[in-house]
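Chain letters run A, B, ... following the sequence lines, proteins first and then strands; every chain starts at 1. Here the structure is a predicted model, which is why all the values come from computation and not from measurement.
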Amino acid sequence: MSKKPGIPKGTRDFSPVEVAKRQYIMSAIKKHFETFGFQPIETPSFENSETLMGKYGEEGDRLIFKILNSGDYLSKVDDTVYDDRNSTRMTKFISEKALKYDLTVPFARYVVMHQNEIDLPFKRYQIQPVWRADRPQKGRFREFYQCDADVVGSNSLWQEVEFVQLYDAVFNELKVDGVTIKINNRKILSGIAEVIGAKDKLIDFTVALDKLDKIGEEGVKKEMLAKGISEEAIDKVQPLFSFSGSNENKLDQLASLLSNSEEGTKGVEELGFIIDAINTLGLKSSKLELDVTLARGLNYYTGAIFEVTAPENVKIGSIGGGGRYDDLTGIFGLKGISGVGISFGLDRIYLVLEELGLFPDVLEDTIDVLFINFGEQEALASLKAIGSLRAAGVKAELYPDAAKMKKQMGYANKRNVPFVVMIGGEELANNTAVLKNMTEGTQETLNMDELSKAFKK
RNA sequence: GUGGUUGUAGCUCAGCUGGUUAGAGCGCUGGAUUGUGGUUCCAGAGGUCGCCGGUUCGAACCCGGUCUUCCACCCCA
C-alpha cells in the first residue's frame with residue numbers, strides 16, 4: 001500500500017470530465033474579459049522571493065511556498081545563522097525563489113518592468129494557478145486557479161462600475177442566479193476608525209468587523225475590546241451592527257456618521273457614484289450590496305473593496321474578490337499608478353456549479369464513431385475510411401487490437417460512442433462497411449461514399 | 001500554525017466487548033454466445049486492514065508516533 005504513488009496534500013488530478021467542466025468556466029470568464037477589453041498576459045510560476053515576501057502581511061509570508069536553492073545550499077549558510085536554528089531567518093539564505101501566491105503582485109511587478117511598452121490605461125487579464133501553503137478544507141486548496149482582470153493607470157470610478165458589470169456578465173453566462181456582489185470602500189472604514197478615535201487600530205478594527213455575520217455583534221465587540229478598542233469607541237459604531245435597508249439608505253446613514261471625516265465622506269461619495277451608476281445601468285442576475293463589514297483582502301486596497309458570495313444555499317464563502325489599490329506599483333518603485341481589479345476563484349465556482357447542477361450535459365465529450373478491428377487488412381481499410389471522416393471533422397478512431405467483438409463493443413459502449421463501424425472480411429471484399437447505431441441497436445451496410453455522408457450534419 | 005476527524009479489494013462500504021482461513025455490492029477477467037455491446041446466468045482473480053513502533057498468548061479492533069482525508073479556527077479564492 002505504501003508503494004502506491006500519491007500527490008501532495010491540497011493538490012488534485014483532473015479527469016477528462018473535470019477538465020471539460022473547468023474549461024467551460026474558464027472560457028466563460030475569458031469571453032467576458034475579452035469583450036470588456038482586457039488582454040491576456042502570463043507571468044512565471046515562481047518569482048524572486050523578495051518580490052513576494054512582505055506583500056501579504058505576516059500571515060501571507062507563512063503561506064508562501066519557498067523553493068530551495070539549487071546546489072549545495074547549506075554550505076553557503078553563515079555559521080551564526082546556522083547555529084541559530086531559526087527557520088524564518090534561515091529562509092532567505094537557503095531560498096531565493098518562491099511560488100506565486102496571487103496574480104496581483106506579480107502583475108504589479110510586470111507593470112513596473114514593462115512600463116515603457118505599456119499604454120496606459122492598461123487592461124490585462126490573467127488565468128493561472130497560484131499556490132498557498134495553507135491547510136486544505138472545503139473549497140480551499142494548496143494549488144488553485146485565479147482568473148484576474150485589472151486596470152492600471154486610471155483613477156476613474158467608471159472602472160469600478162464596469163467591474164460590477166463584468167462580475168454580473170460572467171455569472172449570468174454561467175447561469176448562477178442570486179450571486180451577491182458586495183462592495184465597500186476602504187476610505188469608509190478609515191473614516192469610521194477616525195471618527196471613533198481608533199485610527200491606529202484600523203486593521204484590528206476592520207478584521208473584527210468583518211466577522212459580524214460569523215460571530216455576531218457580541219463576538220465582534222469582544223474581539224474589539226480584546227484588541228484595545230475602547231468601549232466608547234464601540235458605542236459610537238453601534239449603528240453599524242444593525243445596518244439594514246437599501247443601499248441608498250445605508251449611504252445616508254454613513255454620510256451622517258462620517259460627516260466629520262474628510263476621508264470617510266470621500267468614501268461615501270465614491271460608493272454613491274458606483275451604486276447610482278449601477279442602479280441606472282441595471283444588472284442581469286446579480287445584486288449589488290453595500291456591506292460596511294466587508295474588510296477582506298489585502299492591506300493594499302485603498303478605495304473600493306469587492307467580494308462576491310455564492311447564492312445563499314451554497315455554503316462556500318467567497319467566489320471572487322477585488323478592489324482598488326492606489327499605489328500598488330509603488331512597492332516596486334513606480335509611484336502614482338492606480339490600479340483596480342477583480343478575481344474569480346475558478347475552483348470555488350466549480351464547486352458552486354457542481355452543487356447547483358449547472359454544468360451543461362454536452363460537456364461529456366466522446367468520439368463520434370469507433371471502428372472495430374478485425375485484423376491487419378481490415379484495419380488498413382478502416383483507417384482509410386477514418387482518414388476521410390477525420391478530414392471532415394468527425395471524431396473517429398480504430399480499436400487498436402483485433403480483440404474479441406464483445407470486448408470491442410463493450411469498449412464502445414462504456415465510452416458512450418454513438419456509432420460503430422465494422423469492416424470485416426466480407427465488407428473488405430465488397431468495399432462496404434456496416435454502420436451500427438449503438439443507441440437504437442440498428443445497423444446497415446453502406447458503401448464508402450454513403451458512409452462519409454452518414455456523418456455529415 | 002491550533003483543535004478535531006478519517007484511512008479495510010480498483011470504487012463505495014460492512015466487520016460484535018481484541019479470538020482460527022477479513023466480507024458485500026459495484027467494477028475487473030474468463031465462460032455460456034469463436035463477426036455484434038448495453039440485460040441475464042456461471043466461474044475466477046484481487047487485501048502485509050495507510051505506515052512505523054508498543055501492549056497482549058493473540059491486534060483491522062487498544063496505546064503512541066507519522067502520513068493522508070475531511071471539518072472548524074487563523075487567514076483566504
Please determine, for B:C49, whether a Watson-Crick or G-U wobble partner exists with both distances under 3.5 Å, and give it or none.
-> none
Are A:Lys406 and B:A32 close enough that a side-chain N or O sits under 4.0 Å from OP1 or OP2?
-> no
Test the A:Lys250-A:Phe243 pair against the cation-pi criterion, namely NZ or CZ under 6.0 angstrom from the six-membered ring centroid and within 45° of the ring axis.
-> no
What nucleotide, of B:A77, B:U29, B:G37, holds the atom closest to the side chain of A:Lys407?
-> B:U29
Using the P atom on both, measure B:U20 against B:U66 and round to a whole Å.
-> 32 Å
Which value, in whole Å, describes the distance between the P atoms of nucleotides B:G31 and B:G35?
-> 10 Å
Looking at B:C73, does its base get a donor-acceptor pair with the side chain of A:Arg135 below 3.5 Å?
-> no
Atom CD1 of A:Ile305 and atom P of B:A77: how far apart are they, to the nearest Å?
-> 12 Å
Rounding to the closest angstrom, what is the interatomic distance between B:A9 and B:G4 at atom C1'?
-> 29 Å
5'-most contact on RNA chain B (nearest-nucleotide basis), A:Ile7 vs A:Leu63, goes to A:Ile7
Should B:U34 form a Watson-Crick or G-U wobble pair with both distances under 3.5 Å, which nucleotide is its partner?
-> none
Roughly how many Å is it from CZ in A:Arg22 to C1' in B:A77, rounded to a whole number?
-> 12 Å
Please work out if A:Val207 contacts a base, only the sugar-phosphate, or nothing of the nucleic acid, heavy-atom cut-off 4.0 Å.
-> sugar-phosphate
Under 4.0 angstrom, heavy atoms only, what part of the nucleic acid is A:Gly60 near: base, sugar-phosphate, or nothing?
-> nothing
If we call it a pair only when both distances are under 3.5 Å in a Watson-Crick or G-U wobble match, what pairs with B:C62?
-> B:G54
Taken to the nearest whole Å, CD/A:Glu427 to C1'/B:U36 is 11 Å
Mate of B:C26 where both pairing distances stay under 3.5 Å, Watson-Crick or G-U | B:G10
Flag for A:Gln128-A:Lys100: side-chain donor and acceptor within less than 3.5 Å = yes
Hey, does the Lys NZ or Arg CZ of A:Arg142 hover above the aromatic six-ring of A:Phe65, less than 6.0 Å from the centre and inside 45° of the axis?
-> no
A:Arg140 side chain, from C-beta outward: closest of B:G1, B:C74, B:U36 | B:C74
Are A:Glu217 and A:Lys221 ion-paired here, with the side-chain N under 4.0 Å from a carboxylate O?
-> yes
Under 4.0 angstrom, heavy atoms only, what part of the nucleic acid is A:Gly320 near: base, sugar-phosphate, or nothing?
-> sugar-phosphate
In whole angstrom, give the distance that lies between atom CG of A:Asn413 and atom C1' of B:C28.
-> 16 Å
Rounded to whole Å, the CE-C1' distance (A:Met409 to B:G37) equals 4 Å
Given B:G38, B:A72, B:C76, which nucleotide is nearest the side-chain atoms of A:Arg132?
-> B:C76
Find the distance A:Lys214:NZ to B:C76:P and express it as a whole number of Å.
-> 11 Å
Remember a base hit wins even if backbone is also touched, and classify A:Ser343 as base, sugar-phosphate or nothing at under 4.0 Å, heavy atoms.
-> nothing
State whether A:Phe141 and A:Arg12 meet the cation-pi test: NZ (Lys) or CZ (Arg) under 6.0 Å from the six-membered ring centroid, and within 45° of the perpendicular axis.
-> yes
Taking the six-membered ring of A:Phe107, is the NZ or CZ of A:Arg124 close enough (under 6.0 Å from the centre) and on axis enough (within 45°)?
-> yes
OP1 or OP2 of B:U36 sitting under 4.0 Å from any side-chain N/O of A:Lys404?
-> no
Have a look at A:Phe141 and say if it touches a base, only the backbone sugar-phosphate, or nothing, with a 4.0 Å heavy-atom cut-off.
-> base
Sticking with atom P, work out how far B:U21 lies from B:A59, rounded to a whole angstrom.
-> 11 Å
Could you tell me whether the side chains of A:Asn437 and A:Thr442 share a donor-acceptor contact shorter than 3.5 Å?
-> no
Within the pair A:Lys138 and B:U5, is there a side-chain N or O less than 4.0 Å away from OP1 or OP2?
-> no
Note: for A:Met438 and A:Gly10 on RNA chain B, the residue whose nearest nucleotide lies more 5' is A:Met438
Answer with yes or no whether the side chains of A:Asp150 and A:Tyr125 bring together a donor and an acceptor at under 3.5 Å.
-> no
Donor-acceptor pair under 3.5 Å, A:Glu58 side chain vs B:G1 base | no
If you measure from the P atom in B:G18 to the same atom in B:A60, how many Å do you get, rounded?
-> 13 Å
Rounded C1' spacing from B:U12 to B:U69 in Å = 15 Å
Can you tell me how far P in B:C13 sits from the matching atom in B:C71, rounded to whole Å?
-> 15 Å
What distance, rounded to whole Å, do you find between the two P atoms, one in B:C62 and one in B:U8?
-> 15 Å
Can a side chain N or O of A:Gln137 be found less than 4.0 Å away from OP1 or OP2 on B:C70?
-> no
Atom OH of A:Tyr101 to atom P of B:C75: distance rounded to whole Å?
-> 11 Å
Check every strand shown and say whether A:Glu143 touches a base, only sugar-phosphate, or nothing at a heavy-atom separation below 4.0 Å.
-> nothing
Heavy atoms under 4.0 Å, any strand shown: does A:Lys436 hit a base, just sugar-phosphate, or nothing?
-> base
Please work out if A:Gln408 contacts a base, only the sugar-phosphate, or nothing of the nucleic acid, heavy-atom cut-off 4.0 Å.
-> nothing
Does the side-chain ring of A:Phe144 lie flat on the base of B:A77, meaning centres under 5.5 Å and planes less than 30 degrees apart?
-> yes
